[in-house]
Amino acid sequence: MSDLPLRVAVVGSGPAGFYAADALLKSEDPRVEVDVIDRLPTPWGLVRLGVAPDHENIKAVSRAFEKTAAKPGFRFFGNVEVGSTVAHEELLQLYDAVVYTVGAQTDRRLGIPGEDLPGSWAATAFVAWYNGHPDFQHLEFDLSHERVVVIGNGNVAIDCARMLALTPEELAPTDTTHEAIDAINAAGVREILMLGRRGPVQAAFTPPELKELGELAGAEPVVDPRDLELDPASRRDLEADRDRARRNYELLEEYAAREAEGKPRRIVLRFLVSPVAILGEDKVEGVEIVRNELVEEDGRIVARPTGETEVIPAGLVLRSVGYKGVALPDVPFDERSGTIPNDRGRVEGAERTYAAGWIKRGPSGVIGTNKKDAAETVELLLEDARGGKLNRASVDSTQSLEALLDERDAYYVEYEGWQAIDAAERSMGEPLGRPRVKLHMWEKLLETGLKKITR
Ligand code: NAP
């Protein structure tokens, strides 16, 4: 092997990207230099722009990423989009290997009539809006309606329901955008109705998140005890479970037994119902749902519609049925799964190309899941490097990404630029008792981040 360090581009600066960068920078043979590239001027991906703002303790994982960024051999290139600013092929000319850690950037579709009516939103857009993602700040969520329907039973659905239910006092110490805080405080929402297509035992949300719904200052969870009556297969699964399903079920039983406290907002959890249409002339006026029964299919418990329908009036619908990966130009992509086809992280049908995180395995698991996932990918990459499989002859070591970007007049935000953004946000937050006030507009982010470029 040559003495030159291996040069790796990691595309996407969320948890998978940083865990991959960290694993690469730990390697001694070969030594590795890592450039982390992101289309946004800010790093941390969903830790900054997805994790709910009232979950400050979860966001604290970014401190570990800061340590990675401080390691020799690390560089950050924000505001650089692979596919438009720079092509995949160009990265292959500049680097020995490219690792895609771009996550899952869009929402899964329900495929029902009315899905695109004004007032029907992907939960992912709502999350990006309240978290200050600069691409989503022009959106206007009409929160004047009494009932919001949240479709789906995962943790994102719970995040949306809870965020809509927070009181001004609960929102004040978070880094939710000012606009979202004002809108939620002024909202006329009285009921947030979560719809699960399967039963309480199959719910995807996790117990700590479900528990929080019972601890809110201005909202109470409501569960109909009849929704907790189980079919034999669910009963069997519940009895075999020692963890998520059991703890969820216990919490739901507790909520079903609670007396109404008369808090201003209610979070109603319903099970065994699927939306069949979102109704309305020129905006959302309601959701038609069908009652489901559970049947076993290929060893899995699935929902089957009974034909019994009902119409629920509602002015706002948040569709929270999962994220989906988006194809990158010139990089293999499997439309069905929304992932880059790969074998344990080695991308199939593309040389010197790897994947980690949600774009590798789909949108599942918690932040920490990506550590193991990225380690697996990096291990194979290093194995390929040691085995001489990263055909370095095609890499032009006299060229660099910064030179290419300079040639194109493409401005990029270095890590120092992000640190300037971070410092500005924290200093605005401090007098308000908030962790930060996010810069959430492109111009302001770039103005602050680019100032630090010294070249
Ligand atoms: P998720 O956990 O996969 O949940 C998706 C939900 O949508 C499931 O309840 C699923 O039901 C339902 N669904 C799918 N298709 C549907 C349809 N056509 N009609 C009705 N319902 C449908 O996805 P997520 O909530 O987007 O979360 C993504 C990942 O991030 C998860 O791993 C989650 O745990 C994680 N996350 C964690 C936290 C946290 O730790 N606090 C916060 C947010 C997100 P079925 O089960 O029946 O398919």
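Values below: every heavy atom of this structure, side chains too, minus hydrogens, waters and symmetry copies.
R361 pairs with exactly one of N342, T339, N370, T369 by the side-chain hydrogen bond (donor to acceptor under 3.5 Å, both in side chains) rule, that one being N370.
Classification of the Y323-W358 ring pair by plane angle, with boundaries at 30° and 60°, yields tilted. Ring geometry, F74 versus Y415: the interplanar angle exceeds 60°, so the pair is classed perpendicular (tilted spans 30 to 60°).
Side-chain contact between V321 and R197 is absent, with no heavy atoms from C-beta onward closer than 4.5 Å.
A salt bridge links D22 and K71; the closest N-O separation between the charged side-chain nitrogens and carboxylate oxygens is under 4.0 Å. Between R109 and D116 there is a salt bridge, since at least one side-chain N of the basic residue sits less than 4.0 Å from a carboxylate O of the acidic one. Looking at D422 and R436, a side-chain N of the basic residue comes within less than 4.0 Å of a carboxylate O on the acidic one, giving a salt bridge. Using a cut-off of 4.0 Å between Lys/Arg side-chain N and Asp/Glu carboxylate O, R300 and E297 are scored as not salt-bridged.
A 6.0 Å sphere centred on CD of E140 holds no more than 12 heavy atoms belonging to other residues, nucleotides or ligands. The environment of NZ in K371 is sparse: at most 12 heavy-atom neighbours from other residues, nucleotides or ligands sit within 6.0 Å. Under a cut-off of 6.0 angstrom, the local environment of CD in E379 is sparse, with at most 12 non-hydrogen atoms contributed by other residues, nucleotides or ligands. More than 12 heavy atoms of other residues, nucleotides or ligands sit less than 6.0 Å from atom CD of Q399. The 12-atom threshold is not exceeded at CD of E281, counting heavy atoms of other residues, nucleotides or ligands nearer than 6.0 Å. For R408, the CZ atom counts as densely surrounded, since its 6.0 Å shell holds more than 12 non-hydrogen atoms of other residues, nucleotides or ligands.
A423 pairs by the side chain to side chain contact (heavy atoms under 4.5 Å, CB included) definition with nothing, not counting sequence neighbours. In terms of the salt bridge (Lys or Arg N to Asp or Glu O under 4.0 Å) criterion, residue partners of R266 (sequence neighbours excluded) are, by chain and number, E191.
Residue L40 comes nearest to F76 through the heavy atom pair O-CZ, 4.2 Å, listed as atom of the first residue, atom of the second, then distance. Between S320 and A123 the shortest heavy-atom distance is CB-CB, 3.5 Å. Taking each heavy atom of P363 and A104 in turn, the nearest pair found is CB-CB, 4.3 Å. Of all non-hydrogen atoms in V347 and A355, the two that sit nearest each other are CG2-N, 3.9 Å.
Rounding to the nearest 0.5 Å gives a distance of 9.5 Å between OG1 of T85 and CD1 of I37. Note that OH of Y354 and CZ of R346 are 6.0 Å apart. Values are rounded to the nearest 0.5 Å. For the atom pair CZ of R352 and NZ of K389, the computed distance is 14.5 Å after rounding to the nearest 0.5 Å. Distance check, rounded to the nearest 0.5 Å: CG of L251 to CG of L210 gives 5.0 Å.
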Task: Derivation and outcome, side-chain contact (heavy atoms from CB on, under 4.5 Å), residues L117 and V317 - done: CA-CA 10 Å; L117 272 175; V317 171; over 6 Å; no

- [ ] Output, in order, the C-alpha distance, side-chain angles, deciding distance and verdict of side-chain contact (heavy atoms from CB on, under 4.5 Å) for D38 and V36.
- [x] CA-CA 7 Å; D38 203 294; V36 173; 5.7 Å; no

Task: Intermediate values then yes/no, side-chain contact (heavy atoms from CB on, under 4.5 Å), I267 and L216 - done: CA-CA 10 Å; I267 300 176; L216 297 172; 3.8 Å; yes

Open item on the list: Between V378 and K26, does the side-chain contact (heavy atoms from CB on, under 4.5 Å) criterion hold? Intermediate values first, please.
Closed with: CA-CA 10 Å; V378 168; K26 277 193 179 126; over 6 Å; no

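No donor-acceptor pair closer than 3.5 Å links the side chain of S62 to the backbone N or O of F65. Put simply, the side chain of R147 gets close to the backbone of P313: a donor and an acceptor are under 3.5 Å apart. With E33 contributing its side chain and L6 its backbone, the two residues share no donor-acceptor pair below 3.5 Å. A donor-acceptor pair under 3.5 Å is formed between the side chain of T353 and the backbone N or O of E351. A donor-acceptor contact shorter than 3.5 Å is absent between the side chain of R270 and the backbone of L193. A distance-only check finds no donor-acceptor pair linking the side chain of R344 to the backbone of E376 [under 3.5 Å]. N248 places a side-chain N or O within 3.5 Å of a backbone atom of F205 that can act as its donor or acceptor partner. N131 places a side-chain N or O within 3.5 Å of a backbone atom of V51 that can act as its donor or acceptor partner. Not one N or O on the side chain of E81 forms a donor-acceptor pair closer than 3.5 Å with the backbone of R39. Looking only at distances, a side-chain donor or acceptor of R319 sits under 3.5 Å from a matching main-chain atom of S120.
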Give the table of side-chain donor-acceptor pairs shorter than 3.5 Å for residues 179-188, with sequence neighbours excluded, one pair per line with atom names and distance.
residue	atom	partner	partner atom	Å
E179	OE1	H440	NE2	3.0
E179	OE2	H440	NE2	3.2
N185	ND2	I181	O	3.4

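For F141 and W121, the ring centers are positioned less than 6.0 Å apart.
Checked by atom type, the side-chain pair E430/S427 shows no donor-acceptor distance below 3.5 Å.
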